[in-house]
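Encoded as structure tokens, the structure appears first; notes follow it.
A, B, ... follow the sequence lines: proteins, then strands. Residue 1 opens every chain. The structure presented is a predicted model; accordingly, all values stated were derived computationally and were not measured. Basis for what follows: all heavy atoms, side chains included, without hydrogens, waters or symmetry-related copies.
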There are 2 protein chains.
Amino acid sequence: MALNESKTSADRFQQMLDKLKSLDFRITPQRLAVLRILAASEDHPSAEQIFEKVRIEFPTTSLATIYKTIVLLKGLNEVLELGFPDGCNRYDGNRPFPHPHVICTGCGKIMDAELKSLDGLKEEIHKKTGFRIQHHRLDFFGLCQECQETM
Amino acid sequence: MALNESKTSADRFQQMLDKLKSLDFRITPQRLAVLRILAASEDHPSAEQIFEKVRIEFPTTSLATIYKTIVLLKGLNEVLELGFPDGCNRYDGNRPFPHPHVICTGCGKIMDAELKSLDGLKEEIHKKTGFRIQHHRLDFFGLCQECQETM
DNA sequence: TCTTTATGGATAATAGTTATCTTTTAGTAA
DNA sequence: TTACTAAAAGATAACTATTATCCATAAAGA
């Protein structure tokens with residue numbers, strides 16, 4: 001399997017769990033729930049959406065706990081944060097590395113995308129600006145096929 | 001001159017002013033000040049930074065006026081908003097169309113960049129996802145040359 | 001079972017932006 | 001120049017996702 005290829009939900013869950021264990025973070029039911037949801041989600045959930053899902057199993061969970069877990073996972077590079085200026089950040093626990101996204105301006109859907117030539121762009125930017133590039137963010141905004149038909 | 005090539009500050013100012021006039025928006029001293037600052041800035045100022053500059057000339061100006069002017073210009077596609085999730089949005093009045101940026105993670109500097117192959121990427125994304133792409137956002141994060149030397 | 005201390009829960013605080021409301025003024029016509 | 005009117009300015013309250021704070025709880029190891 002290629003490095004960047006998607007793994008099964010169970011694989012990602014185990015991977016994140018192993019990371020937490022290896023660094024001696026405590027394994028709590030709330031953290032396990034967040035891990036499971038992140039590993040299983042293909043739709044880039046928001047903190048609020050994760051919160052609602054966790055609450056089904058653990059109704060006393062606080063939103064602060066969701067945020068604290070996300071901050072932890074971000075620091076361990078186990079979740080990718082897609083920050084948006086309107087204050088609705090979204091999270092990707094399956095591919096926790098920079099990659100292009102396609103965002104529907106009609107329904108808000110966010111999909112992963114792949115582009116071969118991105119490494120070339122990074123090199124081009126480095127040569128032009130002298131910057132030592134660390135990471136990037138690439139979003140395409142437009143109408144998905146469904147929204148094209150209804151608009 | 002190529003379409004996307006940068007124009008002089010005076011050209012951009014006149015262009016924005018003409019747009020406002022042609023649509024019968026009122027030409028106020030505050031708006032003129034914001035236009036001048038946006039047209040002259042190469043460093044992608046924040047609303048607060050624009051506010052401070054306007055206040056030198058018009059000390060009674062309100063921050064709300066800055067935001068209202070920015071919203072107006074955004075709607076007329078005369079300024080590009082670079083929204084960031086930490087709530088420090090930046091504005092580009094010189095190239096009010098999507099284009100790549102290089103952002104220094106050391107000093108926060110934001111520079112424009114150019115990439116030939118972006119249109120190709122848009123086409124590639126369209127073919128893969130079926131999305132009708134409207135606009136995009138591409139940021140590269142890394143260390144600028146100065147920050148590389150001091151870190 | 002006991003102890004320690006990281007973590008959870010509840011909620012206050014933060015900050016950029018937007019909304020609201022009143023006052024002022026740009027643009028126009030007499 | 002003056003008067004009129006609607007748009008814009010100014011002041012400030014409201015909004016909201018996220019972060020910080022603080023105390024209670026429970027995970028992990030002995």
Side-chain angles (χ1 to χ4, degrees), chain A residues 16-37 44-76 79-91 108 110, chain B residues 16-37 44-76 79-91 108 110:
Chain A
M16 292 192 275
L17 181 55
D18 289 345
K19 177 78 81 89
L20 289 184
K21 280 184 176 170
S22 72
L23 294 169
D24 285 332
F25 288 105
R26 291 192 184 168
I27 308 306
T28 66
Q30 295 87 344
R31 281 183 175 167
L32 288 175
V34 173
L35 259 55
R36 237 178 298 123
I37 289 160
H44 307 82
S46 65
E48 192 70 38
Q49 287 169 330
I50 297 169
F51 177 54
E52 283 161 15
K53 287 191 181 179
V54 172
R55 284 214 122 173
I56 296 172
E57 264 188 292
F58 303 97
T60 66
T61 306
S62 166
L63 183 55
T65 298
I66 308 298
Y67 276 110
K68 281 187 258 194
T69 304
I70 288 172
V71 167
L72 175 62
L73 292 172
K74 271 198 296 179
L76 304 177
V79 69
L80 179 74
E81 181 176 64
L82 293 179
F84 291 96
D86 63 14
C88 183
N89 296 355
R90 309 278 292 261
Y91 299 93
I110 301 181
Chain B
M16 291 193 275
L17 181 55
D18 289 345
K19 176 80 82 94
L20 289 184
K21 280 183 175 170
S22 71
L23 293 168
D24 285 332
F25 290 104
R26 291 194 182 165
I27 307 306
T28 65
Q30 295 86 346
R31 281 183 174 167
L32 288 175
V34 172
L35 258 56
R36 238 179 295 123
I37 289 161
H44 307 83
S46 65
E48 192 70 39
Q49 287 169 329
I50 296 170
F51 178 55
E52 283 161 16
K53 286 191 181 179
V54 173
R55 283 217 123 170
I56 296 172
E57 263 188 292
F58 303 97
T60 65
T61 306
S62 165
L63 183 54
T65 298
I66 307 298
Y67 276 109
K68 282 187 261 194
T69 305
I70 288 172
V71 167
L72 175 63
L73 292 172
K74 272 199 294 178
L76 302 178
V79 69
L80 178 74
E81 181 177 64
L82 294 179
F84 292 96
D86 63 14
C88 184
N89 296 354
R90 308 278 291 262
Y91 298 92
I110 300 180

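Among residues at least two apart or in separate chains, salt bridge (Lys or Arg N to Asp or Glu O under 4.0 Å) pairs with a member in residues 79-91 of chain B are B/K74-B/E81. Judged as a salt bridge (Lys or Arg N to Asp or Glu O under 4.0 Å), not a single pair has a partner in residues 20-32 of chain B (not counting sequence neighbours).
Looking only at side-chain heavy atoms (C-beta outward), A/L72 and A/L20 come within less than 4.5 Å of each other.
Atom-to-atom distance recorded for A/Y91:OH and A/T69:OG1 is 11.5 Å, nearest 0.5 angstrom. Separation of atoms OH (B/Y67) and CD1 (B/I50) is listed at 9.0 Å; rounding is to 0.5 Å.
Going from atom CG of A/L23 over to atom P of C/dT7 covers 11 Å, rounded to whole Å. In this structure, CD1 of B/I66 is placed 12 Å from P of C/dT17, rounded to the nearest angstrom.
Closest heavy-atom contact between A/L73 and A/L35: CD1-CD1, 3.8 Å. In plain terms, the two heavy atoms of A/I110 and A/H44 that are nearest each other are O-ND1, 3.2 Å. Of all heavy-atom pairs spanning B/V79 and B/I70, the tightest one is CG1-O, 4.0 Å. Nearest approach of B/N89 to A/P85, heavy atoms of both residues: OD1-CB, 4.1 Å.
Remark: B/Q49 engages B/S46 in a side-chain hydrogen bond (donor to acceptor under 3.5 Å, both in side chains) (not counting sequence neighbours). Applying the side-chain hydrogen bond (donor to acceptor under 3.5 Å, both in side chains) rule to A/K19 yields the partners A/E78; only residues at least two apart in sequence or on another chain are considered.
If you check residues 55-65 of chain A against DNA chain C, the residues with a heavy atom closer than 4.0 Å are A/T60, A/T61, A/S62, A/A64, A/T65, listed by number. Applying a 4.0 Å cut-off to non-hydrogen atoms, the residues of residues 82-91 of chain A that approach DNA chain D are A/G87, A/N89, listed by residue number.
Overall, the helix from C/dT1-D/dA30 to C/dA30-D/dT1 carries an axis bend of 30° between its ends, with five pairs at each end and the value rounded to 10°.
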Only distances under 3.5 Å count here; give the side-chain donor-acceptor pairs of residues 54-63 of chain A to other protein atoms, sequence neighbours excluded, each with its distance to 0.1 Å.
{"unit_1": "A/R55", "atom_1": "NE", "unit_2": "A/P59", "atom_2": "O", "d": "3.1"}
{"unit_1": "A/R55", "atom_1": "NE", "unit_2": "A/T61", "atom_2": "O", "d": "3.2"}
{"unit_1": "A/R55", "atom_1": "NH2", "unit_2": "A/P59", "atom_2": "O", "d": "3.1"}
{"unit_1": "A/R55", "atom_1": "NH2", "unit_2": "A/T61", "atom_2": "O", "d": "3.2"}
{"unit_1": "A/E57", "atom_1": "OE1", "unit_2": "A/R36", "atom_2": "NH1", "d": "2.9"}
{"unit_1": "A/T61", "atom_1": "OG1", "unit_2": "A/F58", "atom_2": "O", "d": "2.7"}
{"unit_1": "A/S62", "atom_1": "OG", "unit_2": "A/A64", "atom_2": "N", "d": "3.1"}

Quiz item: Which letter, B, S or -, goes with each nucleotide of nucleotides 21-30 of chain C from 5' to 3', with contact meaning a protein heavy atom under 4.0 Å?
Solution: ----BBS---
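With a heavy-atom cut-off of 4.0 Å to chain B, the contacted part of DNA chain D has its first and last nucleotide at D/dA6 to D/dT12.
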